[in-house]
Structure formats: structure tokens, C-alpha cells
Chemist: 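What follows is a single structure, and I will ask about it in a moment.
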Amino acid sequence: MKTLSALSIGLLLLFSACQTEVAPPQAAGPVPSENQLAWHDREQYAFIHFTTNTFTGKEWGYGDESPSIFNPTAFDAEQWVIAIKEAGLKGLILTCKHHDGFCLWPSAYTEHSVKNSPFRDGKGDVVKEVSDACRKHGLFFGVYLSPWDRNFAQYASPEYITYYRNQLTELLSNYGEVSEVWFDGANGGDGYYGGARERRKIDNRTYYDWPNTHAIVRRLAPRAMMFSDAGPDIRWCGNESGFVGETNWNTLSVDTLHPGKSNINQLLNNGSEDGSSWLPAEVDVSIRPGWFYHETEDERVRTPENLLKLYLESVGRGSNLLLNLPPDPRGLIHENDVKALQGWKKLLDATFSNNLAANAKASANTYRGKSKQYAAANITDGDAETYWATDDAIQSGSLVIDLGTTQKINYVLIREYIRLGQRVKQFNVEAWKDNAWIEIAAGTTVGHKRILPLNAVETSKIRVNITDAKACPLISTVEVY
């Protein structure tokens, strides 16, 4: 009787492995950078609007406000950061200079700053205290620097661009790592302008020479994401109401965004299936009616239930949520706002703490090359880097998750493997009831995360059907709550 040698067995095993190796999918369309992938994972964080407006009751300061009015006598950056962290938010973006031109740091380029205020006897630096508190408590720190300045005498002249870039350089050089830089779209109009008290217009397409300003950020803060209406890294969602479109493509062609375009807000809200750049949406919204603190709004803070709705219509549709929390004149996040944040966190924890699909049995009607590397088990293994995929020629497929026993479910969460592009164009979710599949939800895009609210459906199995995609679909996760 002949036997195989160890060498022969090794060769056979190697040949078998080569035979079963399946090539991974290729990228489809624009893909996110590593910085953008890290940004997607942040999901939700805070916006802080704080300046002389906090003491005047205005939303937009005119630019003639005296620095002497800025005096938050109980200012506590750690109180902000702890409230933000305990709410499950990952960081904050600080309005270092709003349209009024008042600087929350002792800028070397203007007298209109905290250095001429009573705060810390003129030796204070809000930006430093906030950035230090973020680092201490493990939150990321971002800066907002308004391109419009209603105080600076040379606004609308070339001299202002030099001034603006000098201040941006200060912020990016002196306060540790900056993770996001926020460029507001409000530009030009009436203002103090050093005493001129006039209206000034600029062409926002050319005046700021944005490419050279962006280059400063890339050089000084290479991991920072830049936000504006048109990016270059993150786009505006087209509204300040707290939602992105149910159809939300992370892709957009920047040259389709220009002043006067008839449907620009809708385009920003939905993105573009055929967009040439990866330009995901950020949803900016305030916990109060205004962006700055007003005592008259103390009883108009969003409820925990409303904050959950904002979460579902932003993060739950594949974008990030930037929630504004305006400190009061004491320099504290108001008790009513903190209470709302705490209630929201309890709702989030109660809703999404028990994934019924964790490590559940999953199957698919098709998977790439019949290789375990792309099988359905990847959608319930808790690993965001594994995924189910089909063969290149197949742009649809069905995934079944067996929950083991009949369960009451309220939400289904789906993620695409966006590292290789956003693909899904149409999908639905079905529940197994009375020995038949019944549709319980449907949608268009998925992206980084899609959460579908259900109406307390009782079932033992769910099926996710990808009915149309731009290329072979890649689903990394399906969760059930």
C-alpha cells in the first residue's frame, strides 16, 4: 500500500489553498481617506458657541462689543468636557472666533480678545483651558474660526486674508492636536469694521483663496478634517434642523456646488450617487432654539426623546451629529442642558445595549467565491473589518439572521464596508411571521451606519435583502435591537 510523503501532503494542502483563494473586491467609486474613516467612527460630538454674544443676548455680534463684557466668573472647561463625555459624545468643536471677531485666545494679531477682558484678569485663554480639558478626559478637540469678521477694519481687503491665516496658524500651532477645523459659510455684510460701520461684500468663491488656506491645515494639522459647505473633507447637510436625507450618499462632485444653484440644499442633504469625491455630511444642530445661550430659552431645551430622534436621523442615516451646547454667562453648560444630555444617554443605552444578533447564525443565498472569507457569518461576528460580499457580477443578495427564539425587535442596524466605497442603492428588511417573510422596513442608501426603526415586531428570524447596488454589495454588520 502506497502512502503519501509529508512533502506530498504539504504540496497538496498548498495547492488546495491556492485553489480556494478568492480575490477581494476592488474599490467602487470614490473611497474615504484614513482620516475620513476615523471621522465616521466618531459619529457624535459637541459644538460650543461662546463669545461676547453670551453676554449681550445676540446671535450674531456686530463687532463693536467691548471685550470688557466677557467675564464668565465660574468658567469651568472640565464641567463642559465631563458633561459631554458622560453623554457619549466623542469630542467638541469650539467657536474660537465667531463673526463678531472676538477671540477666545490672546491672539497676537488683534486687541479684540480675552487679553483685554476681565476674564482671568486679562491673562485667560479659553482655547487652552478647553483643549487641555479635552486631552485630560480623552476627547478630541476641534476649532471654529469664522471667515467673516465684523470687527476687523481691513475685512474684504487682501490684508484680512493674511490676518485670518495668521490666526489659523496660532490655533493649529499652540493648542495640541486639532482634529477638525470648521469654516462657516456666513460671509460678508454689515459690520463695525473698525469704526467704518458699513456693509461690505466679498465674492466667497475667490476672496478667501481657500486652497492656500487649506494647505496650512494640511501642513500644521495633517490628521484634521476640514468642514465647509463644500468640504474639502466634510460637507454641510443643507439645514440646521438636525437631519440628513434618508437617501444619503457620501459622495458629491464639488463643482456642482455654487452660489445660486437652485437645489443646492437638497444636493447637500442627499449627496450624489455619481459624485466624484468622498464628501460625507455633518449634521449641525443646537440643543436650544439659538446657537448662543439665552436665559429665555432655559425651558426650551430639547428633550431626551427629541435628541434620540436627531440621532436616528443623522447618525442613523450615515452622517455625523454635531450637537451645539452653548455655555451660559457663568461659563458653564446649564443644568437643563446637562439633564437633557443625561436623559438622552440613558435612552441610547437602553435602546442599543443588547444586540440580539451578536454571534447569531447567519446565512446568505450567495457569497463571493463560496469562500468563508466573505460568508454571511461576518455580519454578526462583531468585527467591522470582516464583511459579506457577492461575486463581482452579482449586485443583489439576501442575508438571513436566526435569532434562535422569537424576540420583540424595535431596530435593525446595517453597516456597509465603506473602505471600498458606498454601494447599496436599495434594500429592504423582512421578518419571519406565520411561516412567511413579511416586509417590515425598506431604504435606499446604507453607508457607515443605517438604523431602521420598527414597530415592535415579534419574530425569530430577519432577512436583509440588498435589491440594487452600484457594485457587488459589501455588508460588514447587521445588528438587531
Chemist: Using ring-ring contact (aromatic ring centres under 6.0 Å, His included) as the criterion, point out the one residue from Phe227, Trp236, Trp210 that pairs with Phe183.
Modeler: Trp210

Chemist: Which pair of heavy atoms, one from Glu385 and one from Tyr417, lies closest together, and at what distance?
Modeler: OE1-OH, 3.0 Å

Chemist: Can you find a pair of side-chain heavy atoms, one from Gln422 and one from Thr445, that are under 4.5 Å apart?
Modeler: yes

Chemist: Measuring centre to centre across the rings, with the benzene-like ring taken for any Trp, is Tyr160 within less than 6.0 Å of Tyr193?
Modeler: no

Chemist: Find the distance between CD (Glu65) and CZ (Phe55) and round it off to the nearest 0.5 Å.
Modeler: 12.5 Å

Chemist: With the side chain counted from C-beta on, respond yes when Glu86 and Leu341 share a heavy-atom pair under 4.5 Å apart, and no when they do not.
Modeler: no

Chemist: With a 3.5 Å cut-off and no angle check, do the side chains of His49 and Asn324 form a donor-acceptor pair?
Modeler: yes

Chemist: Taking atom types as modelled, find out whether Thr386 and Asp381 have a side-chain donor-acceptor pair closer than 3.5 angstrom.
Modeler: yes

Chemist: Answer yes if the side chains of Gln167 and Ser107 hold a donor-acceptor pair under 3.5 Å, and no otherwise.
Modeler: yes

Chemist: Does CG in Asp121 sit with more than 12 non-hydrogen atoms of other residues, nucleotides or ligands closer than 6.0 Å?
Modeler: no

Chemist: Please assess Leu104 against Leu94 for the test side chain to side chain contact (heavy atoms under 4.5 Å, CB included), listing each intermediate value before the final yes or no.
Modeler: CA-CA 9 Å; Leu104 295 183; Leu94 175 66; 4.1 Å; yes

Chemist: Does Trp60 have its ring centroid less than 6.0 Å away from the ring centroid of Trp148?
Modeler: yes

Chemist: Is the Tyr144-His98 ring centre distance short of 6.0 angstrom?
Modeler: yes

Chemist: Can you see whether Asn53 engages Tyr293 through a side-chain donor-acceptor pair at a distance of less than 3.5 angstrom?
Modeler: no

Chemist: Quiz question: by atom type and distance under 3.5 Å, do the side chains of Thr251 and Ser272 form a donor-acceptor pair?
Modeler: no

Chemist: Counting only N and O atoms by type, is there a donor-acceptor contact under 3.5 Å from the side chain of Thr95 to the main-chain atoms of Ile48?
Modeler: yes

Chemist: May I have the step-by-step check of salt bridge (Lys or Arg N to Asp or Glu O under 4.0 Å) for Arg135 and Asp132, ending in yes or no?
Modeler: CA-CA 5 Å; Arg135 274 193 296 278; Asp132 285 351; 2.7 Å; yes

Chemist: For Lys449, give me all partners under salt bridge (Lys or Arg N to Asp or Glu O under 4.0 Å), at least two apart in sequence or on another chain.
Modeler: Glu43

Chemist: With salt bridge (Lys or Arg N to Asp or Glu O under 4.0 Å) as the test, would you mind laying out the steps for Arg235 and Glu282 before giving the verdict?
Modeler: CA-CA 6 Å; Arg235 75 177 194 266; Glu282 185 175 80; over 6 Å; no

Chemist: Could you state the interatomic distance from OG1 (Thr256) to CG (Asp274), rounded to the nearest 0.5 Å?
Modeler: 11.0 Å

Chemist: Which value, rounded to the nearest 0.5 Å, describes the distance between Cys237 atom SG and Asn248 atom CG?
Modeler: 9.5 Å

Chemist: What do you reckon, are the aromatic ring centroids of Phe141 and Tyr175 less than 6.0 Å apart?
Modeler: no

Chemist: Show the nearest heavy-atom pair for residues Leu89 and Leu139, with the distance to one decimal.
Modeler: O-CD2, 3.6 Å

Chemist: Taking atom OG of Ser66 and atom CG of Asn116, what is their separation to the nearest 0.5 Å?
Modeler: 8.5 Å

Chemist: If you count heavy atoms of other groups shown closer than 6.0 angstrom to CD of Glu295, is the number above 12?
Modeler: no

Chemist: One thing to verify: whether Arg288 and Asp298 come together as a salt bridge, which I'm taking to mean a side-chain N less than 4.0 angstrom from a carboxylate O.
Modeler: yes

Chemist: Any non-hydrogen side-chain atom of Arg150 less than 4.5 Å from a side-chain atom of Asp100?
Modeler: no

Chemist: Are the side chain of Thr247 and the backbone of Asn270 linked by a donor-acceptor contact shorter than 3.5 Å?
Modeler: no

Chemist: Give a yes or no on whether Lys309 atom NZ has more than 12 heavy-atom contacts from other residues, nucleotides or ligands under 6.0 Å away.
Modeler: no

Chemist: State whether a side-chain donor-acceptor pair under 3.5 Å links Trp105 with Glu170.
Modeler: yes

Chemist: Might you confirm whether atom NZ of Lys128 has over 12 heavy atoms from other residues, nucleotides or ligands at distances under 6.0 Å?
Modeler: no

Chemist: Test Tyr208 against every option in Asp203, Asn187, Thr213 by the side-chain hydrogen bond (donor to acceptor under 3.5 Å, both in side chains) rule and name the one that passes.
Modeler: Asn187

Chemist: If every non-hydrogen atom of Val178 is compared with every non-hydrogen atom of Ala221, which pair is closest and at what distance?
Modeler: O-CB, 4.0 Å

Chemist: Between Trp80 and Phe50 (judged by ring centroids, cut-off 6.0 Å), do the two rings come close enough to count as a pair?
Modeler: yes

Chemist: Test Ser476 against every option in Glu416, Arg415, His448 by the side chain to side chain contact (heavy atoms under 4.5 Å, CB included) rule and name the one that passes.
Modeler: Arg415

Chemist: Test Phe152 against every option in Tyr163, Tyr164, Tyr192 by the ring-ring contact (aromatic ring centres under 6.0 Å, His included) rule and name the one that passes.
Modeler: Tyr163

Chemist: I need the Glu273 CD to Lys470 NZ distance, nearest 0.5 Å.
Modeler: 5.5 Å

